[in-house]
Amino acid sequence: MQSNLATLLQRAEEGKYAVITFNYSDLWDLKGIIRAAEEERAPIMVAAVPAIVHNHGVKFIGGIAQAAAESSTVPVVPHLDHSNSVALCMDVIDHGLRSVMIDASHLPFKENVSIVRPVVEYAHARGVHVEGELGRIMGANWEGVFVDGTDYLTDVREAVEFIKQTGVDSLAVGIGSGHGFYTETPHLNIERLSEIKAATGAKLVLHGGTGLPEDQIKDAIRHGINKINVGTLIYTSYLTTLKKTLDSYEDQNYSLSLFDEAVAAVTEAARGWIRTVGANGKA
Ligand code: 13P
């Protein structure tokens, strides 16, 4: 079923769990994710990065995302992840997505604000949720740009100003998480997270879920994270299983059974995360 993200995030905050966002690439991993959400009775977000939207086309992504939400028995919010294009955000909104992330975190504060604000105006006039980002998420982003260094932390005063000046509904924060597999154990800066939460009272988002230690995930939720994004685990569960299945694939007319095991692997990966963030039973 279609759902309102603001309500889902508010319920998560009150219930001390997080809404989980999974990245998908096509119909099959989307199916695996939604199956996990239905079996676990969890509200869920399904997110496409711009490369996926460009490949399939905005109309197609808007169509399958909406169909997935409408045919599902749990709340599903289709989302555009990490768009640095204002035009793409507007385009997917016109094609039915109910939540977008406009990410200009690589730019100085003022430019970030000036890119995010028009998206918020456009989205809010249509009842759509907007996520912005301040600070940096480490690792490789979808454009293949690798972010590292030490100045990734979100500044508390800037966060307050950013929310005031842009009107974003939620904020992705840089507190030490990174996209892709971690090469060494990450250490989330929970103190900074608490400060941002206390100063802004905003709904906060943690990116780079794959590989984060469970105790740190729970600590982050306790200290103000309302939504967590997981992508790499979904992609790799899907493709490594598909690769194995392909080796033993016998000729037949349809690809249907070929994907069974890959879809099941995605469902199990998503199920684990739904339980970790405490979203099971919350639909
Ligand atoms: P991972 O790929 O590291 O799980 O991060 C996903 C993400 O943050 C998407 O926005």
Side-chain angles (χ1 to χ4, degrees), residues 3-13 15-23 42-49 77-84 89 97-106 112 116 119-120 123 128-139 141-142 147 152-156 158-160 162-163 166-179 186 188-190 192-210 212 216-234 273-274 276-279:
S3 191
N4 179 294
L5 182 56
T7 310
L8 295 186
L9 291 176
Q10 186 54 33
R11 275 195 207 137
E13 179 142 288
K16 302 193 186 327
Y17 61 95
V19 172
I20 185 98
T21 304
F22 292 117
N23 290 107
I44 201 160
M45 289 181 77
V46 291
V49 295
V77 179
H79 175 73
L80 171 68
D81 200 17
H82 285 292
S83 172
N84 57 16
C89 289
L97 264 64
R98 307 300 301 150
S99 175
V100 295
M101 176 186 195
I102 175 77
D103 178 4
S105 60
H106 54 293
N112 190 348
V116 172
V119 174
V120 172
V128 171
H129 183 105
V130 181
E131 175 181 331
E133 179 175 320
L134 200 62
R136 302 303 308 274
I137 313 299
M138 317 285 272
N141 64 21
W142 71 271
V147 180
Y152 57 84
L153 278 180
T154 303
D155 181 88
V156 180
E158 279 192 357
V160 174
F162 186 78
I163 292 165
T166 60
V168 286
D169 304 287
S170 58
L171 185 68
V173 288
I175 54 167
S177 66
H179 291 128
L188 296 181
N189 192 324
I190 298 294
R192 179 61 58 93
L193 170 63
S194 307
E195 288 166 1
I196 299 167
K197 191 72 173 186
T200 65
K203 299 294 182 288
L204 300 180
V205 182
L206 183 64
H207 283 245
T210 300
L212 275 178
Q216 293 194 45
I217 298 162
K218 293 192 166 147
D219 214 15
I221 296 171
R222 266 195 302 276
H223 290 87
I225 289 295
N226 306 104
K227 167 181 177 270
I228 302 185
N229 287 16
V230 177
T232 302
L233 177 71
I234 298 295
W273 261 98
I274 287 169
T276 297
V277 303

Engineer: CD1/Ile102 to CG/Leu80 distance, rounded to the nearest 0.5 angstrom?
Structural biologist: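 Between atom CD1 of Ile102 and atom CG of Leu80 there are 8.5 Å.
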
Engineer: For a quick test of reading the model, state the closest non-hydrogen atom pair linking Pro43 to Ala279 and the distance between them.
Structural biologist: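 Closest approach of Pro43 to Ala279: CD-O, 3.7 Å.
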
Engineer: Where is the tightest heavy-atom contact between Ala47 and Asp81, given as atom of each residue plus distance?
Structural biologist: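 Between these two residues, the closest heavy atoms are CB-CB, 4.0 Å.
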
Engineer: With side-chain contact (heavy atoms from CB on, under 4.5 Å) as the test, would you mind laying out the steps for Val168 and Ile163 before giving the verdict?
Structural biologist: CA-CA 6 Å; Val168 286; Ile163 292 165; 4.1 Å; yes

Engineer: Just to verify, what does Thr210 make a side-chain contact (heavy atoms from CB on, under 4.5 Å) with, not counting sequence neighbours?
Structural biologist: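 Once residues adjacent in sequence are excluded, the partners of Thr210 under the side-chain contact (heavy atoms from CB on, under 4.5 Å) criterion are Phe181, Val230, Thr232, Leu233.
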
Engineer: For Met45 and Val19, what are the C-alpha separation, side-chain angles and deciding distance, and is it a side-chain contact (heavy atoms from CB on, under 4.5 Å)?
Structural biologist: CA-CA 7 Å; Met45 289 181 77; Val19 172; 4.1 Å; yes

Engineer: Closest approach of Gly132 and Met101, non-hydrogen atoms and distance?
Structural biologist: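 Closest pair (atom of Gly132, atom of Met101, distance): O-CE, 4.5 Å.
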
Engineer: To the nearest 0.5 Å, tell me how far Ile234 CD1 sits from Trp273 CH2.
Structural biologist: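 Going from CD1 on Ile234 over to CH2 on Trp273, the span is 10.0 Å.
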
Engineer: Return the OG1 to CD1 distance between Thr21 and Ile228, rounded to the nearest 0.5 Å.
Structural biologist: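 Thr21 atom OG1 to Ile228 atom CD1 measures 9.0 Å (nearest 0.5 Å).
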
Engineer: So how far is it from Thr154 OG1 to Arg136 CZ, rounded to the nearest 0.5 Å?
Structural biologist: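 Going from the OG1 atom of Thr154 to the CZ atom of Arg136 covers 10.5 Å.
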
Engineer: Tell me the closest heavy-atom pair linking Ser177 and Leu206, and the distance in Å.
Structural biologist: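 Here Ser177 and Leu206 meet closest at OG-CD1, 3.6 Å.
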
Engineer: Evaluate the side-chain proximity of Leu193 to Asp219: yes if any heavy-atom separation is below 4.5 Å, no if none is.
Structural biologist: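 SC-SC contact between Asp219 and Leu193 ruled out.
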
Engineer: If I take atom CD from residue Glu131 and atom CG from residue Leu171, how far apart are they, to the nearest 0.5 angstrom?
Structural biologist: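 One finds 8.0 Å between CD of Glu131 and CG of Leu171.
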
Engineer: To the nearest 0.5 Å, what is the distance between CD1 (Ile221) and NZ (Lys227)?
Structural biologist: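 Reported to 0.5 Å precision, the distance equals 13.0 Å.
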
Engineer: Go through the structure and list residues passing side chain to side chain donor-acceptor pair (under 3.5 Å) with Lys197, not counting sequence neighbours.
Structural biologist: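 Partners of Lys197 by the side chain to side chain donor-acceptor pair (under 3.5 Å) criterion, ordered by chain and then number, come out as Glu13, Asn226.
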
Engineer: List the residues meeting side chain to side chain donor-acceptor pair (under 3.5 Å) with His129, not counting sequence neighbours, and say none if there are none.
Structural biologist: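 Counting only residues at least two positions away or on another chain, His129 forms a side chain to side chain donor-acceptor pair (under 3.5 Å) with Ser170.
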
Engineer: For a quick test of reading the model, state the closest non-hydrogen atom pair linking Val77 to Ser99 and the distance between them.
Structural biologist: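 In terms of heavy atoms, the two residues are closest at CG1-CB, 3.9 Å.
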
Engineer: With side-chain contact (heavy atoms from CB on, under 4.5 Å) as the criterion, how do Phe22 and Ile274 come out once you've worked through the C-alpha distance, each side chain's angles and the decisive distance to 0.1 Å?
Structural biologist: CA-CA 10 Å; Phe22 292 117; Ile274 287 169; 4.1 Å; yes

Engineer: Check side-chain contact (heavy atoms from CB on, under 4.5 Å) between Gln216 and all other residues, then give those that pass, not counting sequence neighbours.
Structural biologist: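 side-chain contact (heavy atoms from CB on, under 4.5 Å) list for Gln216, sorted by chain: Thr185, His187, Leu188, Pro213.
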
Engineer: So, for Leu97 and Pro78, which heavy atoms are closest and what is the spacing to 0.1 Å?
Structural biologist: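 Between these two residues, the closest heavy atoms are CG-O, 4.0 Å.
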
Engineer: Give the intermediate values and the outcome of side-chain contact (heavy atoms from CB on, under 4.5 Å) for residues Arg192 and Val156.
Structural biologist: CA-CA 8 Å; Arg192 179 61 58 93; Val156 180; 3.7 Å; yes

Engineer: Mind checking whether Asp169 and Leu5 have side chains closer than 4.5 Å, heavy atoms only?
Structural biologist: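 Side chain of Asp169 against side chain of Leu5, heavy atoms only: no contact under 4.5 Å found.
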
Engineer: Taking side chain to side chain donor-acceptor pair (under 3.5 Å) as the definition, give me every residue that meets it alongside Gln10, ordered by chain and number, with sequence neighbours left out.
Structural biologist: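 By the side chain to side chain donor-acceptor pair (under 3.5 Å) rule, Gln10 matches Glu14, Lys203.
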
Engineer: Identify, with sequence neighbours excluded, every residue that meets side-chain contact (heavy atoms from CB on, under 4.5 Å) alongside Ala123.
Structural biologist: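 Residues passing side-chain contact (heavy atoms from CB on, under 4.5 Å) with Ala123: Ile93, Val128, Val130.
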
